Number of protein chains: 2
Amino acid sequence: MNQHQNLPSRSLNRDAWIRAAIDLLAKEGIAGLRVERLAHRLGVTKGSFYWHFKDRRDLHLAVLEHWKAGRIADIDKQTRCPSGTEAEQLLHVIDVYSASRNPRGILIELAVREWARRDEAAAAVVSEVDAVRLDRARRLFLACGLDEATATARAALLYAYVFGMSLLLLPVASHELEAMRRQIAQWIAACPSRTA
Amino acid sequence: MNQHQNLPSRSLNRDAWIRAAIDLLAKEGIAGLRVERLAHRLGVTKGSFYWHFKDRRDLHLAVLEHWKAGRIADIDKQTRCPSGTEAEQLLHVIDVYSASRNPRGILIELAVREWARRDEAAAAVVSEVDAVRLDRARRLFLACGLDEATATARAALLYAYVFGMSLLLLPVASHELEAMRRQIAQWIAACPSRTA
DNA sequence: TATCTTCCATACGATACCGTATGGTAAACC
DNA sequence: GGTTTACCATACGGTATCGTATGGAAGATA
């Protein structure tokens, strides 16, 4: 046992490896997530890695599970709101995925989606997360008074927009860009019942 | 000289390598664009590669230039239309970037943008292409009667949406998805002067 | 026919990485 | 104190890749 129970151990544990792996994934992409590089970053050798993980794939799957759990927990927080404030909450959801407000999260998001294009396990996790996100956003739109088809389409537009925006390299001055983002967010989150 | 002038040569030339490189880039990403794999795909060894290219970076830059020129030429074609048909043309632009209509182009687009997040030269090329795309779309919106700020924002939304959509893994049946895409395209391309 | 140019194959050293095998160390336990 | 356990270092074989050096073959040229 490590001292008693939950005290942070001096030595590395599986979770520390996973967190460091996500950092490296964000910076270098899945192709750069290499065992020996990760070990070097943590100041140890890969002897430590293979103590905590069976192989590289074991780490990959652990990273995906960790990411999925974190995303779903976040979605829960971001889409719960008092009745009547759904439109404002949708604006908040859009804001959370702005690269300027959450650069690290966006980098991880993009890295995982890039990964998902060439890895079935990653694709399955992204599908699950997308399904939850779409459902929660759709409910907010429904609460705003939109019909089923429109709510679903708006939810898809919302997430396509936020991720797509972080893919563009626009030649727009940053303060104008911020105003532009607000205008677009208003369009996407606009509801018949409230001007928001 | 190779026979006369423009007859396709039996042996490889720089352009054949670049085209094959873009195929491999689409499939494997920039990390998978390796000299020896590419040579193997072309049925030769890397001895040939290093005859046509100084090094791997030389190929990378050539790929970027080739892609940039192709994109800008495409944008020219896609955004030229008779006066009065701008709204329809915008719908066509959206359609062109649908993954179902142009899977290869989308894969290349995503691979280049992934590349651009970690490579300055790639980022510069993407910036140029985005600037041209944004400008042309903006002009179409202006011709529809939108004001400057709105036209710019709509153009950004248009491209963020099309690229973002190809990043999502939505749990929507494909025929419903098609209807949803049409509805979203109508929103984005909607103009005051025409219902489109 | 002899040579030259173009294009490619082969062989090489160097690096980075994977996964395994094995030894070492320090704390926990008895 | 001796042993066990958790964690890590080191060393190894194997693979993939980069870029270079060098030789060869086939067509163009003279």
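Lettering follows sequence order; numbering is per chain, from 1. Given the structure is predicted, the values throughout are model-derived calculations rather than measurements.
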* Structure fact -> side-chain contact (heavy atoms from CB on, under 4.5 Å) filter on B:A151, not counting sequence neighbours, yields B:R138, B:F141, B:L142, B:L146
* To do: For C:dT6, take OP1 and OP2 only and decide whether either is under 4.0 Å from a side-chain N or O of B:H52.
  => no
* **Test side chain to side chain donor-acceptor pair (under 3.5 Å) applied to B:Q78 - qualifying residues, sequence neighbours left out** => none
* Tell me: CG of B:L12 to C1' of C:dC8, nearest whole Å? -> 9 Å
* To do: Tell me, please, which residues at least two apart from A:R57 pass side chain to side chain donor-acceptor pair (under 3.5 Å).
  => A:D119
* Structure fact -> In whole angstroms, the gap separating P of C:dT20 from CZ of A:F53 amounts to 15 Å
* Protein-to-nucleotide contact annotation, 5' to 3' order, nucleotides 14-20 of chain D [B base; S sugar-phosphate only; - none; under 4.0 Å, heavy atom] -> ---BBBB
* Is any side-chain N or O of B:W51 closer than 4.0 Å to OP1 or OP2 of C:dC7? -> yes
* Measure the distance from NE2 on A:H40 to P on C:dA16 and round it to the nearest whole Å. => 11 Å
* To do: State which residues pass side chain to side chain donor-acceptor pair (under 3.5 Å) with B:S100; sequence neighbours excluded, sorted by chain then number.
  => B:S98
* Asked: To the nearest angstrom, how far is A:R41 atom CZ from C:dC17 atom C1'?
  -> 17 Å
* Interatomic distance where CZ belongs to B:R14 and P belongs to C:dT6 [whole Å] -> 15 Å
* Salt-bridge contact B:R14-B:D58 (side-chain N to carboxylate O under 4.0 Å) -> yes
* To do: For DNA chain C, write out the stems as range with range, using runs of 3 or more consecutive Watson-Crick or G-U pairs with both distances under 3.5 Å.
  => C:1-30 with D:1-30
* **With A:R41 via salt bridge (charged side-chain N to carboxylate O under 4.0 Å, His left out) - residues at least two apart** => none
* **With B:R118 via salt bridge (charged side-chain N to carboxylate O under 4.0 Å, His left out) - residues at least two apart** => A:E114
Name the atoms and distances for all side-chain donor-acceptor pairs under 3.5 Å in residues 16-31 of chain A, with sequence neighbours left out.
| residue | atom | partner | partner atom | Å |
| --- | --- | --- | --- | --- |
| A:R19 | NH1 | A:D15 | OD2 | 2.9 |
| A:D23 | OD1 | A:R104 | NH1 | 2.2 |

